[in-house]
Amino acid sequence: MPSVGPLPQSFFARSALDVARDLIGCSFFVAGVGGRIVETEAYRQHDPCCHAYNGRTERNAVLFGPPGHLYVYFTYGMHFCANTACEEEGTGAGVLLRALEPATGLELMTARRGVEQPRLLASGPARLAQALGIGRAHNGLPVWEPPLALCPRPAGAPAPEVVTTARIGVRGGDQRPWRFVDARSAFLSRPLTRTPILPGG
DNA sequence: CTATAGATAATCT
DNA sequence: GATTATCTATAGG
């Protein structure tokens, strides 16, 4: 019998690289609003681009906590972004949720975002957070309990073609191939044609 | 199509 | 005081 429940905590107790890759094609919902994940980025503790690189602080504490809890941060004076904490407790690693294909709650997402085109609803980490209504109140919540839900790809749904590129907007223009995308998705924050495919990941 | 400026405030040095 | 895992609007080719 196929499992139909949410992803268990053990899913996140692995390398952020593996989690980021395996999250492509899964679905994420906040209070029933969400869709299919098409873009993620991995951040590991000893990578200078990771918020946990300089050690634990009040802001990044969730990254060092148990895996599978949501790390929400505020940046540029106006944007929230959401990650799932990964690897074992005490390790500062996570996966940034960068884009999803809207599936449920289209009307609410449209109202929150103030745009009409489905392409612009959740194609980018701050857009995704705004569309799903993610804010400080969600920081630290486990993703397998309401109001959050992170569900595996339905049995029978085709496996996505996952491709890796450099991460977007990171300091130093770091070129590690730690961005994971569904190569056939039309809902990426940046098209693959402008983000050269890198080997490995 | 690409490039760049401006918004705007928590966080960290 | 500097920086920021971004987004939008606008200007230019």
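Below, chains carry the letters A, B, ... as their sequence lines are ordered, and counting in each starts from 1.
Side chains of Thr165(A) and Arg179(A): a donor-acceptor N/O pair is present below 3.5 angstrom, by distance only.
Applying a 4.0 Å cut-off to non-hydrogen atoms, the residues of residues 58-80 of chain A that approach DNA chain C are Tyr73(A), Thr75(A), Tyr76(A), His79(A), listed by residue number.
Residue Thr57(A) places no side-chain N or O under 4.0 Å from the OP1 or OP2 atom of dT11(B). For the OP1/OP2 pair of dT2(B) and a distance below 4.0 Å, the side-chain nitrogens and oxygens of Arg194(A) include at least one atom meeting the criterion. Side-chain N/O atoms of Arg176(A) include none lying less than 4.0 angstrom from OP1 or OP2 on dA5(C). Listed pair Arg179(A) / dA5(C) fails the phosphate criterion, with no side-chain N or O lying under 4.0 Å from OP1 or OP2.
One atom, CG of Leu128(A), and another, C1' of dT6(C), lie 13 Å apart when rounded to the nearest Å. In this structure, the CZ atom of Arg56(A) is 15 Å from the P atom of dT11(B), given to the nearest Å. To the nearest angstrom, C1' of dT6(C) lies 9 Å from CZ of Arg98(A). One interatomic measurement links the two molecules: CZ of Arg127(A) to C1' of dT6(C), which rounds to 9 Å at whole-angstrom precision. Rounded to an integer number of Å, the gap from CG of Leu96(A) to C1' of dT6(C) is 11 Å. If you measure from atom CZ of Arg44(A) to atom C1' of dA5(C), you get 17 Å, rounded to the nearest angstrom. Distance CG (Leu97(A)) to C1' (dT6(C)): 15 Å, rounded to an integer number of Å. Atom CZ in Arg190(A) sits about 13 Å away from atom C1' in dC7(C), given to the nearest Å.
In this structure the side chain of Ile24(A) never reaches within 4.5 angstrom of the side chain of Val181(A), judged on heavy atoms.
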> How is the base pairing of DNA chain B summarised as a dot-bracket string, given the Watson-Crick and G-U wobble criteria with both distances under 3.5 Å, [ ] for crossing and | for another strand?
Replying inline: |||||||.||||.

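Both Arg171(A) and Arg113(A) lie close to DNA chain C; mapped to their nearest nucleotides by heavy-atom distance, the more 5′-ward contact belongs to Arg171(A).
Checked options Arg21(A), Arg176(A), Arg167(A), Arg98(A); the residue passing with Glu41(A) is Arg98(A) (criterion: salt bridge (Lys or Arg N to Asp or Glu O under 4.0 Å)).
For Arg136(A), the listed nucleotide lying nearest its side chain is dT11(B); candidates were dT11(B), dT8(C), dT6(C).
Distance CZ/Arg113(A) to OG/Ser123(A): 9.0 Å, rounded to 0.5 Å. The distance from atom CH2 of Trp178(A) to atom OG1 of Thr40(A), rounded to the nearest 0.5 Å, is 12.5 Å.
In this structure, Arg136(A) is positioned above the aromatic face of Phe74(A), its NZ or CZ under 6.0 Å from the six-membered ring centre and within 45° of the axis.
Using a 4.0 Å cut-off between a side-chain N of Lys or Arg and a carboxylate O of Asp or Glu, Arg44(A) and Glu87(A) qualify as a salt bridge. Between Arg184(A) and Asp182(A), no side-chain nitrogen of the basic residue sits less than 4.0 Å from a carboxylate oxygen of the acidic one, so the salt-bridge criterion is not met. Using a 4.0 Å cut-off between charged side-chain N and carboxylate O, Arg153(A) and Asp22(A) make no salt bridge.
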